[in-house]
K.L.:
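Here it is, the structure, as structure tokens.
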Amino acid sequence: MKVNKSKYKFLILIVLLGFSFGSQAGAQAVPGKDENIPFLVTFGKFGKTSWGDDDFRQIFFFSVLKDYTQPFYIRVFDPDCGGENDEIQGDFNSKFLFSVYGGKGVDPDKYEESRGLEKNSNFKGGNLLASKVFGSEAKYDNKYYTFGPFNPSEGDFNERWNSYIFKIVCEGIAGDDGNLYRYFLSKDPNKNIPIEGANAFTYQYTFRMWNDFKSVAHIYPFVDTGVVFIKQSNFDWDKDGKILVVSRYRQGIEVPISNEDDWASSNISIEPAEINSSLDFQFHKRQDELVKNNNVVVTLKNQRGDALKFYSSPIGGVPVYIPKTNITKIAPKK
Ligand SMILES: [Ca+2]
Ligand SMILES: [Ca+2]
Ligand SMILES: [Ca+2]
């Protein structure tokens, strides 16, 4: 076959562009592309924790690199609770408050309360930049609502990451239904256009599994310098198969799993090879019987009790297990 050289080069360019765009495109979608999680979920405050949400709220942070100076938007997919996607309990009668915060008080590295892990903590630190309440509204069903524009400098500056930090909180302020939704940090109010170098993270992830046997969900906590062991906690997993931990050091260890309305916890010791990389927590559904509409909560803490961040786009990429013989070979490079 005769290959037209310029055409060939053009094709390579397209493939490369596709790759770089693809990796960035995942960076600000929440859940992220590599996570394979269909939706975030938050229940109305009169819901039952046995439906898979322990605190009826969810807090996410967005980081935007200092170099990016254009306005941006936070887009919420299916912010309403009714119609498609959402989990009905009786009738759809719930209300959800979405609030966006910037300024001092947001950065969870400086303000621990901002992480929202403790029940009565003031997780609303910072300046309220925008908010809106959603009920069951056809107008927003299966569609995006856009918050913004926001100016990056309205965020709380974090020196270590050279980024401005923003926070979005979803709270179930009335009713008992489950609101399923997703976020996208975008350059454009009407389309999902990712911002280079931006990311999203949380300390407590409440999400929905796919309703099939084959899909494996992932979350990617970042293991910072100084971490010796981590305590994993999962809530209301409904004994739905296995939760495995994979890293560049470990091929996969099984951790204790929760059943109904309970927490299961265990400690996982961290090896030097795992520092400054992400772990891959894999959620494999059971194969004998389909567990439907499974919502689950996950948090991780280090040996000092500090919570680990889960990034929608894993820091350092998706970890791939490296057999030990190779680890010893590459170790001197560090
Ligand atoms: Ca209801
Ligand atoms: Ca929804
Ligand atoms: Ca569940």
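As the structure is a computational prediction, the values presented were derived from the model and not from experiment.
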K.L.:
According to a 4.5 Å side-chain heavy-atom criterion applied to Ile, Leu, Val, Met, Phe, Trp and Tyr, with indirect links allowed, do I219 and I268 form part of one hydrophobic cluster?
P.N.:
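Yes, I219 and I268 fall within the same hydrophobic cluster.
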K.L.:
Could you tell me whether the side chain of Y183 reaches within less than 4.5 Å of the side chain of C170, counting heavy atoms only?
P.N.:
yes
K.L.:
Indicate whether the side chain of T42 and that of Y181 have a donor and an acceptor atom separated by less than 3.5 Å.
P.N.:
yes
K.L.:
Donor-acceptor pair, Q58 side chain versus T206 backbone, under 3.5 Å?
P.N.:
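Yes: the side chain of Q58 pairs with the backbone of T206.
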K.L.:
Centres of the F43 and F56 rings: under 6.0 Å?
P.N.:
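Distance test on ring centres: not under 6.0 Å, no.
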K.L.:
Donor-acceptor pair, distance only, cut-off 3.5 Å: does the side chain of N234 make one with the backbone of P256?
P.N.:
yes
K.L.:
Between V41 and D53, what is the shortest heavy-atom contact and its length?
P.N.:
O-OD2, 4.3 Å
K.L.:
What heavy-atom pair brings V64 and P152 nearest, and what distance separates the two atoms?
P.N.:
CG1-CB, 4.3 Å
K.L.:
Taking T146 for the side chain and P189 for the main chain, is one N or O donor matched with an acceptor at less than 3.5 Å?
P.N.:
yes
K.L.:
Atom CZ of F283 and atom CZ of F207: how far apart are they, to the nearest 0.5 Å?
P.N.:
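So the gap between those two atoms works out to 4.0 Å.
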K.L.:
Whether the E35 and Y205 side chains hold a donor-acceptor pair (N or O, under 3.5 Å, no angle test) is what I'd like checked.
P.N.:
yes
K.L.:
Which residues satisfy the salt bridge (charged side-chain N to carboxylate O under 4.0 Å, His left out) test with D240, sequence neighbours excluded?
P.N.:
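Counting only residues at least two positions away or on another chain, D240 forms a salt bridge (charged side-chain N to carboxylate O under 4.0 Å, His left out) with K285.
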K.L.:
The test is ring-ring contact (aromatic ring centres under 6.0 Å, His included); show your working for F157 and Y164 and say whether it passes.
P.N.:
CA-CA 4 Å; F157 189 66; Y164 285 101; 5.0 Å; yes
K.L.:
Look at the aromatic rings of W161 and F222 and report parallel, tilted or perpendicular, splitting at 30° and 60°.
P.N.:
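Correct class here is perpendicular.
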K.L.:
What residues, two or more places apart in sequence or in another chain, satisfy salt bridge (charged side-chain N to carboxylate O under 4.0 Å, His left out) together with D261?
P.N.:
none
K.L.:
Would you say the side-chain atoms of D236 and N295 include a donor-acceptor pair closer than 3.5 Å?
P.N.:
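The criterion, which ignores hydrogens and geometry beyond distance, is not satisfied for N295 and D236.
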K.L.:
Hey, does the side chain of S258 reach the backbone of A264 with a donor-acceptor pair shorter than 3.5 angstrom?
P.N.:
no
K.L.:
Under 3.5 Å, is there a donor-acceptor pair between the side chain of W237 and the main chain of G241?
P.N.:
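Yes.
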K.L.:
Any salt bridge between E274 and R250, counting N to O under 4.0 Å?
P.N.:
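Salt bridge between E274 and R250, a charged N being under 4.0 Å from a carboxylate O: yes.
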K.L.:
Would you give the length of the straight line joining atom CZ of F123 to atom CG of L117, rounded to the nearest 0.5 angstrom?
P.N.:
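That separation rounds to 11.5 Å.
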K.L.:
Just checking, any donor-acceptor pair under 3.5 angstrom between side chains of N36 and H218?
P.N.:
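No, H218 and N36 have no side-chain donor paired with an acceptor closer than 3.5 Å.
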K.L.:
In plain terms, say whether K309 and D109 are close enough for a salt bridge, that is, a side-chain N and a carboxylate O under 4.0 Å apart.
P.N.:
yes
K.L.:
Taking side chain as C-beta onward, heavy atoms only, is E260 less than 4.5 Å from D238?
P.N.:
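The answer is yes, as the side chains (C-beta and beyond) meet within the 4.5 Å cut-off.
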K.L.:
Quick check against the 3.5 Å criterion: does S186 have a side-chain atom that pairs as donor or acceptor with the backbone of K191?
P.N.:
yes
K.L.:
Check the orientation of F134 and Y140. Use parallel for under 30°, tilted for 30 to 60°, and perpendicular for over 60°.
P.N.:
perpendicular
K.L.:
For Y101, does the six-membered ring have the charged nitrogen or CZ of K167 within the cation-pi criterion, i.e. under 6.0 angstrom from the centroid and within 45° of the normal?
P.N.:
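Satisfied, under 6.0 Å and within 45°.
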K.L.:
Using modelled atom types only, decide if a donor and an acceptor are shared between the side chain of T202 and the backbone of F60 within a distance under 3.5 Å.
P.N.:
no
K.L.:
May I ask you to decide if S313's main-chain N or O and N199's side chain share a donor-acceptor pair within less than 3.5 Å?
P.N.:
yes
K.L.:
Less than 3.5 Å apart, any donor N or O on the side chain of S99 or S131 sitting next to an acceptor on the other?
P.N.:
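Side chains of S99 and S131: no pair found under 3.5 Å.
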K.L.:
How long is the span from the OG1 atom in T299 to the OH atom in Y203, to the nearest 0.5 Å?
P.N.:
13.0 Å
K.L.:
Please round to the nearest 0.5 Å and tell me the distance separating atom CG of N267 and atom CD of Q232.
P.N.:
9.0 Å
K.L.:
Do Y144 and N192 meet the criterion of a side-chain donor-acceptor pair at a distance under 3.5 Å?
P.N.:
yes
K.L.:
Using the salt bridge (charged side-chain N to carboxylate O under 4.0 Å, His left out) criterion, which residues pair with D107? Sequence neighbours excluded.
P.N.:
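Result, salt bridge (charged side-chain N to carboxylate O under 4.0 Å, His left out) vs D107: K110.
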K.L.:
Between E113 and Y111 (side chain of the first, backbone of the second, donor and acceptor by atom type, cut-off under 3.5 Å), is there such a pair?
P.N.:
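Here the side-chain-to-backbone pair does not exist.
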K.L.:
Work out which heavy atom in E84 is nearest to a heavy atom in N142; give both atom names and the distance.
P.N.:
OE1-ND2, 3.8 Å
K.L.:
What orientation do F147 and F98 show, parallel under 30°, tilted 30 to 60°, or perpendicular over 60°?
P.N.:
tilted
K.L.:
Where do G178 and C81 come nearest, in terms of heavy atoms and distance?
P.N.:
O-SG, 3.5 Å
